[in-house]
Amino acid sequence: MAESALKPASRVTHRLVILGTVVAIVIAACGGTTATTPPDESAPPGPTSGPPSEAPSGPVTLRWMNWATTDENIRPWVEDVVAHFEEQNPDIKIESEPVPVSEHLNQLVTRCSAGDCPDIAQVQQNDIFVLQAAGLIAPLQGYDDEFVDSLPDGTVNLASVDGTLYGVTWITAPIGFWYNKELMADAGLDPNTPPTTIDEMMSMIRTVRDQNPDIIGLGIDTTLRDIGVDATWPFMHAFGAQPIKDGKANANTPEMQAFLQWIRDLVANGDTLPGKKFGDFRQSAAQNLQLFFEDGPYMKGLVQGLDSTLTDELFYERWGVTAIPGGAGNGPSAGSSDHQIAIFESSTAKEAAFRFAKYLASDVYAIKTYTAPYGLLPPLAGFEGEVPQLANPASQAFIEMGDVVLVPPYGPQYATSTLPIMANIQRTYSTQDAIETIAIDMHAALERVYGK
Amino acid sequence: MGTSAHQLEAAPAPFRTRVPLAFTLLFPAFLLLAAVLGYPVLYSIYLSFVNAQLTRPNDQTLAGLSNYAALLDDPLFGQALAITLVITVGAVAVSFVLGLSFALLVDGLKGRLAGIRGLLLAPWVTPAIVVGFLFLYMFDQQAGVINLVLEAFGATDGRTAWLSDSTLSVVAVTVATIWTQTPFYLLMFAAALTAIPTEQRESMLIDGANRWNEFVHLTVPYLRNVMVVATLLMFIRNFNAFPIIWTMTQGGPVYSTSTLVVYVYRVAFQQFDFGYASAVGVVWLAVLLVLALAYVRFLRRTSLA
């Protein structure tokens, strides 16, 4: 009897608790709305004004999101560079916020959406276009126009949206074509004549691998990443393929089919390892098992890190670098992996932020301490006298490559288009699907992004 | 139905006292849950009805059911759901069998040998990201130990590109998942096995039952509840598994290992389409809720029994 009397009462308890929970949820839901509202929703994205009128009194602290300090070997160099800047600018303090390079863009976008933007950030590739479309970063005209005008057009174009500059190029890093002179010479090839066309390259790979099948012929990025497309773009260019052209899908072409067939053959013949980042080939490069591969100027420092016996002298005896081979109609070209510094609209210390960005890009101490030792290039020429590390064959080759750097059609839609491009490139070697079908499907997927 | 004095003394406090007390005690917990669980869930449901592209902050309008309609036309969503089920069912089934087998094997271990149980638990306590890297290198085409072993035994005539083949990559990811979760089953089954009375086992054997009969008619009935609970938990866990797959294949090659969670991550954090990602998430949540309800109902039924 006591048990049956409790049943309706339990129901009441149950309902009261549910009611309390619902009320709590509603309260929590209402209370949190403002926190997730993008900070710039009221302001249209795009150029707003030149230099800010804000002039914070007293020292300012700049929150700097970057991936340069995530590598524990590199971090001391960057910290040294930052310390020197703080000495020169006692009114500015830099608070470094390390994030992995693979996570930086989503952290920036989501953090800013939650109203927690840094003042400045290290960015690359398509980032500036995504962040500008989101209205998160500030235009940089008006802070130091003399400095901006001195920057090479190529680096300015990579950091500009509709003619407005949104990023200061910190380092220039074309993606070039490294060739192993020792392996070429061992196979009877002229080590000082790297291939300039895909056909020449394939012929050299055949010659070397026929003698030593353990050698990896070509290191090419075939991962499902944005930078995978950036790095593969010059190879597509060699075939005349251009998956996005004039803001439209353009993948169902004979040129794209030829490129896809080449990738399929490359993997089938064992001339490359599929599904690898271009950085993955540095290990085989350090083991002297890599004939050709695409990589940036930073490859030198990283490969030397893997093989401590590889002195500068030995490195340049073994490795040369040039532009990525071209094709019948298109000459050699290069990709780009420039890093820029973007300043956020929400920052109250944009002038100080710009000063720091300019320092990173153009100060001799910064170039001598970080840029050059890492094997990178400053955006401005003419530092060879003050920074002897820049006077080396690889740096000179990369500087010359600046004229043939290809820029993919960056923009907000590009972030959505890279997955179908790389997924269909992977399809060439991971399935038996007809090449024609793959090209058609890539085109259809890009049409869903860019419209018909 | 008489009530003894002893029963009256032991009876719980009157209902009128208990309701406010229970409510007061539980309310902070509910408030906390509402903030950390309820709010994100409700906000995700709201976002699923909005064009919430983070790269177009000024263009966030109500989308009605269009995000859900887009799901129906999205081949990648269907594929992701199918891959999730394949990997989940494969991993859960094999882990179950292996976990049970190991539990039966180590059940009789005594003394120093009992330490093997602890050793077998190592994969369970290894962080998933470490497991991902471990198997990434093991399945590496050039330097992976799996290819080297297969080559040494003459099982293959070349080095297999495990992670670059649409089918083999699913196998590789499933194997890594099995490795890490088999100890969970082992732990659960090993604990449940200790609850079987020795007398019953001995009497069955005295009555002429063989080991198989003992397993079918004594062990399995004792383990049945644990089997169901552990399987449901692992089903839910696998549905949400991300680090191993992301580390090993990033959902590739093509979309062959793109599970729902990988797909949502890509849409939300690479394409910044939070509206559509939320719609996928809501459907995914619905599937998991069904499983969670089954789990709760089962628990309630067994506790009543």
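Below, read A as the first sequence line, B as the second, and so on, with proteins coming before strands; counting in each chain starts at 1.
Residues B:Asp73 and A:Arg448 are not paired through a salt bridge, judged by the lack of any N-O separation under 4.0 Å between the basic side chain and the carboxylate.
Across all their heavy atoms, A:Ser430 and B:Asp165 have their closest contact at CB-CA, 4.2 Å. Between A:Ala134 and B:Leu54 the shortest heavy-atom distance is CB-O, 3.6 Å. Considering all non-hydrogen atoms of both residues, A:Leu224 and B:Gly251 come closest at CD1-C, 4.1 Å.
For residues 263-276 of chain B, heavy-atom neighbours of chain A at less than 4.5 Å comprise B:Tyr265, B:Arg266, B:Phe269, B:Gln270, B:Gln271, B:Phe272, B:Phe274, sorted by residue number.
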Query raised in the report: Hey, mind stepping through A:Asp214 and B:Gln142 against side-chain contact (heavy atoms from CB on, under 4.5 Å) and telling me if it holds?
Result: CA-CA 10 Å; A:Asp214 288 338; B:Gln142 281 298 101; over 6 Å; no
Report task. Start with the C-alpha gap between A:Leu419 and B:Tyr255, add the side-chain angles, then the distance that decides, and say whether side-chain contact (heavy atoms from CB on, under 4.5 Å) holds. Result -> CA-CA 10 Å; A:Leu419 183 64; B:Tyr255 304 108; 3.8 Å; yes
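Atom CD of B:Gln141 and atom NZ of A:Lys276 lie 7.5 Å apart (nearest 0.5 Å). Rounded to the nearest 0.5 Å, atoms OG (B:Ser169) and CD (A:Gln426) are 9.0 Å apart.
Only the side chain of B:Asp140 comes within contact range of chain A, with heavy atoms under 4.5 Å apart. For A:Leu131, no part lies under 4.5 angstrom from a heavy atom of chain B. For A:Gln107, no part sits under 4.5 Å from any heavy atom of chain B, backbone or side chain.
At most 12 heavy atoms of other shown residues, nucleotides or ligands fall within 6.0 angstrom of atom OH in B:Tyr46.
Residues satisfying the side chain to side chain donor-acceptor pair (under 3.5 Å) test with A:Asp230, not counting sequence neighbours, are A:Tyr410, A:Tyr414.
Side-chain atoms of B:Ser164 come within 3.5 Å of backbone N or O of A:Pro274 as a donor-acceptor pair.
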